[in-house]
Amino acid sequence: MDVTPVTLHLAQEPAADELLGRSPLAALVGMLLDQQVPMEWAFAGPHTIAERLGADDLDAHEIAAYDPEAFAAILSTKPAVHRYPGSMAKRIQQLCQYLVDHYEGDPTALWRDAATGDELLKRLNDLPGFGKQKAQIFLALLGKQLGVHPKGWREAAGDYGAPKAYRSVADITGPESLKKVRAHKQELKAAAKAAKAAKAK
């Protein structure tokens with residue numbers, strides 16, 4: 001169950017999307033970065049990091065062993081990779097160290113022998129920086145766009161696993177689906193705001 005190169009459209013930038021489609025570690029790092037910044041900014045991050053490392057891909061062993069201050073500087077150099085480059089640099093190194101310690105640095109080992117969606121979800125959930133929601137979204141991305149289909153993967157991914165759900169990055173395949181996901185997120189925000197206002201009355 002290795003990931004075969006596909007075309008993703010998460011960074012909305014050809015070179016960055018090409019890397020995400022062929023590099024499981026880049027996709028994982030993009031998912032990790034996808035918080036408190038626009039999605040495109042987050043998923044362009046792995047390509048920027050690779051370029052600044054002078055590489056055409058990310059390597060878990062290299063990043064885990066990198067001097068923390070020097071790695072933080074790579075993320076902080078303008079344009080910064082994230083709104084919080086220092087803390088995200090630390091999280092990326094923790095993620096890579098975890099992959100080195102548990103999967104010999106190979107992210108595809110996370111899902112290669114996962115028999116069920118629940119097992120894969122647990123493995124993703126155990127990753128540093130991945131809570132349940134992030135784990136479910138990445139599981140849905142693996143299933144919907146990267147050809148990783150352990151038994152029961154849709155159920156394990158929850159609402160994100162439903163076909164044509166347009167709830168997360170797992171459903172973005174181009175500009176139209178991006179608009180639908182954005183609209184869904186706006187609806188959620190509006191509903192949360194309304195609920196908060198009603199509670200305050």
Legend entry - Within residues 59-80 or reaching into it, pairs that qualify as salt bridge (Lys or Arg N to Asp or Glu O under 4.0 Å) - sequence neighbours excluded: none
Inset, instruction - Grab the two heavy atoms, one from Leu178 and one from Met39, that are nearest each other, plus how far apart they are. - result: CD1-CE, 3.8 Å
Inset, instruction - Write out all pairs satisfying salt bridge (Lys or Arg N to Asp or Glu O under 4.0 Å) with one or both partners inside residues 25-46, taking only residues at least two apart or from two chains. - result: Glu40-Arg182
Inset, instruction - State, yes or no, whether a side-chain contact exists between Thr7 and Thr173 at a heavy-atom distance under 4.5 Å. - result: no
Legend entry - Members sharing Tyr84's hydrophobic cluster (side chains within less than 4.5 Å): none
Inset, instruction - Could you please spell out the steps behind the side-chain contact (heavy atoms from CB on, under 4.5 Å) verdict for Val169 and Met31? - result: CA-CA 9 Å; Val169 298; Met31 191 74 236; 4.2 Å; yes
Legend entry - Sub-4.5 Å side-chain heavy-atom contact between Leu75 and Ile92: yes
Inset, instruction - Using ring pair (Phe, Tyr, Trp, His ring centres under 6.0 Å) as the criterion, list what pairs up with His61, not counting sequence neighbours. - result: none
Legend entry - By side chain to side chain contact (heavy atoms under 4.5 Å, CB included) - contacts of Thr48 (at least two apart): Arg52, Val81
Show me the donor-acceptor pairs within less than 3.5 Å that the side chains of residues 115-132 make with the rest of the protein, sequence neighbours left out.
| from | atom 1 | to | atom 2 | distance (Å) |
| --- | --- | --- | --- | --- |
| Thr116 | OG1 | Glu119 | N | 3.1 |
| Glu119 | OE1 | Ala115 | N | 3.1 |
| Glu119 | OE2 | Arg123 | NH2 | 2.6 |
| Lys122 | NZ | Asp126 | OD2 | 2.9 |
| Arg123 | NH1 | Ala109 | O | 3.4 |
| Arg123 | NH1 | Leu110 | O | 2.8 |
| Arg123 | NH1 | Asp113 | OD1 | 2.8 |
| Arg123 | NH2 | Asp113 | OD1 | 3.3 |
| Asn125 | OD1 | Lys132 | N | 3.2 |

Legend entry - Nearest non-hydrogen partners of Ala26 and Pro46, listed with the distance: O-CG, 3.2 Å
Legend entry - Same apolar cluster (I L V M F W Y, side chains within < 4.5 Å links), Leu19/Phe43: no
Inset, instruction - Scan for side chain to side chain donor-acceptor pair (under 3.5 Å) pairs involving residues 89-105, sequence neighbours excluded, and state none if there are none. - result: Gln35-Arg91, Gln97-Asp101
Legend entry - Inter-residue atom distance Leu28.CG - Leu58.CG, 0.5 Å rounding: 10.5 Å
Inset, instruction - Calculate, to the nearest 0.5 Å, the distance between atoms NE2 and CD1 belonging to His82 and Ile49 respectively. - result: 10.5 Å
Legend entry - Any Arg167 side-chain heavy atom under 4.5 Å of Val181 side chain: no
Legend entry - Co-membership, hydrophobic cluster, residues Val100 and Tyr66, 4.5 Å side-chain: no
Legend entry - Partners passing side chain to side chain contact (heavy atoms under 4.5 Å, CB included) against Trp41 (at least two apart in sequence or in another chain): Val37, Pro38, Arg83
Legend entry - Counterpart residues, side chain to side chain contact (heavy atoms under 4.5 Å, CB included), relative to Ala157 (two or more places apart): Leu139, Ala140
Legend entry - From His9 atom NE2 to Leu20 atom CG, the distance as rounded to the nearest 0.5 Å: 11.0 Å
Inset, instruction - Return the set of residues passing salt bridge (Lys or Arg N to Asp or Glu O under 4.0 Å) with Lys180 (not counting sequence neighbours), or none when no residue passes. - result: none
Inset, instruction - State, to 0.1 Å, how close Pro24 and Pro107 come at their nearest heavy-atom pair, and which atoms those are. - result: CB-CG, 3.9 Å
Inset, instruction - Return the set of residues passing side chain to side chain contact (heavy atoms under 4.5 Å, CB included) with Ala190 (not counting sequence neighbours), or none when no residue passes. - result: none
Inset, instruction - Can you measure from CD (Gln12) to CD1 (Ile172) and round to the nearest 0.5 angstrom? - result: 7.5 Å
Inset, instruction - Please assess Val148 against Leu141 for the test side-chain contact (heavy atoms from CB on, under 4.5 Å), listing each intermediate value before the final yes or no. - result: CA-CA 9 Å; Val148 176; Leu141 178 66; over 6 Å; no
Inset, instruction - Name all pairs fulfilling the salt bridge (Lys or Arg N to Asp or Glu O under 4.0 Å) condition that reach into residues 136-164, sequence neighbours left out, sorted by first residue then second. - result: Lys144-Asp171
Inset, instruction - Check whether any side-chain heavy atom of Tyr166 sits under 4.5 Å from a side-chain heavy atom of Ser177, and report yes or no. - result: yes
